[in-house]
Amino acid sequence: MEKKKKGAYISKEEKYIPIDDPSGKWSELYLLPEWEEDIYNVYTVKKHGKWVMLKALKPQYADIPEYREKLQKEFDIRYNLCHPNIVMVNDLDIVPGVGMAIITDDVYGYSLRRLIDERRLTPQIVHRLETQLLDAMEYIQENHISHVPITPETIIFTEYNENLKLTNVGYDQKDELSEQDTRKDIASYGEILNEVLDNLPSNLPKLRRIAKKCSDGENHYRTVADLQLDMERRSSSQLYIILCCFIVIMAFILIWLTL
């Protein structure tokens with residue numbers, strides 16, 4: 001069967017699932033093994049002709065009250081999150097052949113894992129990790145969201161403009177995050193940054209230093225804001241160097257023109 005899918009990246013292991021919906025609301029359902037989680041399957045499907053994504057309990061967990069409550073709780077938490085770099089949750093609905101599912105925006109792009117494995121990293125992607133990922137992490141912590149570690153598999157870059165989107169963030173909302181919660185986030189960021197740097201053709205020592213400090217004993221960053229500040233200093237330093245070089249080049253041009 002030739003697929004004319006226009007939506008989230010589907011890996012080679014994709015599985016087309018026939019869907020029986022006399023109402024015509026749901027059609028063209030695909031299982032996405034690349035984005036599978038411990039107790040959840042992730043799908044892409046058309047809802048009223050528009051591509052969306054689904055997150056639903058795996059069949060062996062679907063009828064267990066404890067896990068149904070987990071799904072409901074995650075929906076309640078994520079539904080209240082609104083950030084340009086976090087995939088938006090739209091609804092909780094029953095989908096034929098899938099069951100109760102969290103409905104999110106479709107993400108048309110590629111995971112950071114795939115971009116690393118296929119050696120398709122670009123300077124713009126690195127810049128998005130320096131800015132957009134940290135913005136999303138700060139937003140999550142400001143809202144006291146406790147979650148599984150962020151990994152290259154849960155970071156998606158949209159196909160056309162390489163904007164960063166986190167696909168899975170919310171599990172539990174607390175009155176206040178512990179220092180351990182904050183440190184886990186920062187350590188995860190350092191691991192992601194190190195893996196990206198390991199797969200770049202050029203050496204970026206300042207970024208490597210920042211990655212190391214994310215999990216460096218007593219000298220680690222205490223908050224995402226501290227990490228952002230250090231990253232901004234690095235960016236400002238780069239901008240200053242570029243500006244100085246530009247001024248020097250222009251000065252040489254002016255001298256040459258007056259000779």
Side-chain angles (χ1 to χ4, degrees), residues 5 7-15 30-45 51-58 61 67 70-71 74-75 77-78 81 83-89 98 101-122 124-137 139-141 145-159 161-172 181 183-200 211 214-215 224:
K5 170 90 169 59
Y9 163 69
I10 298 180
S11 67
K12 293 179 181 178
E13 293 78 23
E14 67 182 34
K15 181 181 179 183
Y30 295 88
L31 175 67
L32 306 179
E34 184 188 10
W35 294 352
E36 177 185 5
E37 299 177 32
D38 288 342
I39 64 171
Y40 297 112
N41 281 329
V42 178
Y43 307 82
T44 185
V45 67
W51 288 107
V52 296
M53 294 184 74
L54 312 176
K55 180 175 180 177
L57 290 168
K58 292 180 178 179
Y61 303 112
Y67 293 106
K70 274 180 174 288
L71 182 71
E74 179 167 347
F75 169 74
I77 293 170
R78 293 184 63 185
L81 297 178
H83 189 278
N85 302 118
I86 297 175
V87 174
M88 293 291 295
V89 168
V98 172
I102 296 172
I103 318 297
T104 75
D105 288 345
D106 197 28
V107 185
Y108 192 10
Y110 307 94
S111 69
L112 178 59
R113 168 59 58 217
R114 186 185 182 203
L115 294 172
I116 290 172
D117 291 347
E118 296 182 359
R119 300 190 178 278
R120 293 171 55 190
L121 297 171
T122 66
Q124 187 165 348
I125 286 173
V126 176
H127 180 65
R128 299 287 195 241
L129 294 171
E130 295 174 13
T131 54
Q132 292 182 346
L133 179 54
L134 288 178
D135 286 345
M137 288 172 58
Y139 176 82
I140 291 167
Q141 292 197 354
I145 304 298
S146 176
H147 56 91
V148 296
I150 297 169
T151 66
E153 286 77 12
T154 60
I155 299 171
I156 306 299
F157 289 91
T158 56
E159 184 180 39
N161 53 17
E162 293 184 344
N163 275 331
L164 183 148
K165 297 281 186 179
L166 284 181
T167 61
N168 186 17
V169 294
Y171 283 103
D172 195 11
D181 290 325
R183 286 192 62 177
K184 282 181 180 177
D185 262 1
I186 293 171
S188 295
Y189 181 81
E191 290 172 7
I192 292 167
L193 201 55
N194 266 325
E195 185 172 0
V196 167
L197 292 171
D198 288 342
N199 287 275
L200 290 177
C214 286
S215 56
V224 174

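Values reported hereafter were calculated over all heavy atoms of this structure, with side chains retained and with hydrogens, waters and symmetry mates removed.
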Does the side chain of [X] reach to within under 4.5 Å of the side chain of [Y], using non-hydrogen atoms?
X	Y	value
R120	R114	yes
T104	K55	no
L112	L164	no
L166	L133	yes
L32	M53	yes
L54	I103	yes

Could you give the distance from [atom1] ([X]) to [atom2] ([Y]), rounded to the nearest 0.5 Å?
X	Y	atom1	atom2	answer
D106	M88	CG	CE	14.5 Å
I150	T167	CD1	OG1	9.5 Å
N41	K58	CG	NZ	5.5 Å
T44	Y30	OG1	OH	9.0 Å
D135	I86	CG	CD1	10.0 Å
E162	I125	CD	CD1	4.0 Å

How close do [X] and [Y] get, heavy atom to heavy atom, and via which atoms?
X	Y	result
P84	K165	O-NZ, 2.7 Å
V42	E37	CG2-OE2, 4.5 Å
D185	M137	O-CE, 3.5 Å
L31	P33	O-CD, 3.2 Å

As a quick check of understanding, evaluate side chain to side chain contact (heavy atoms under 4.5 Å, CB included) for Y110 and E159, giving each step before the final call.
CA-CA 7 Å; Y110 307 94; E159 184 180 39; 3.0 Å; yes
If you count every heavy atom of other residues, nucleotides or ligands that lies below 6.0 Å from D198 atom CG, does the total exceed 12?
yes
Would N199 and L115 count as a side chain to side chain contact (heavy atoms under 4.5 Å, CB included) if you check the C-alpha gap in whole Å, the side-chain angles of each, and the deciding distance to 0.1 Å?
CA-CA 10 Å; N199 287 275; L115 294 172; over 6 Å; no
R128 charged N/C atom sitting above F157 aromatic ring, 6.0 Å / 45°:
no
Check the pair Y40, E74 against side chain to side chain contact (heavy atoms under 4.5 Å, CB included), reporting the backbone distance first and the verdict last.
CA-CA 12 Å; Y40 297 112; E74 179 167 347; 3.6 Å; yes
Whether R113 and E34 form a salt bridge (side-chain N of Lys/Arg under 4.0 Å from carboxylate O of Asp/Glu) is what I want to check.
no
Side chain to side chain contact (heavy atoms under 4.5 Å, CB included) assessment of Y139 paired with L81
CA-CA 9 Å; Y139 176 82; L81 297 178; 3.8 Å; yes
Can you confirm whether the side chains of Q124 and T122 place a donor and an acceptor under 3.5 Å from each other?
no
Does one side chain, of H147 or N168, offer a donor that lies under 3.5 Å from an acceptor on the other?
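On atom types as modelled, these side chains do not qualify, holding no pair under 3.5 Å.
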Distance-only donor-acceptor hits, side chain of residues 186-193, under 3.5 Å, sequence neighbours excluded:
unit_1, atom_1, unit_2, atom_2, d
S188, OG, K184, O, 2.9
Y189, OH, L129, O, 2.9

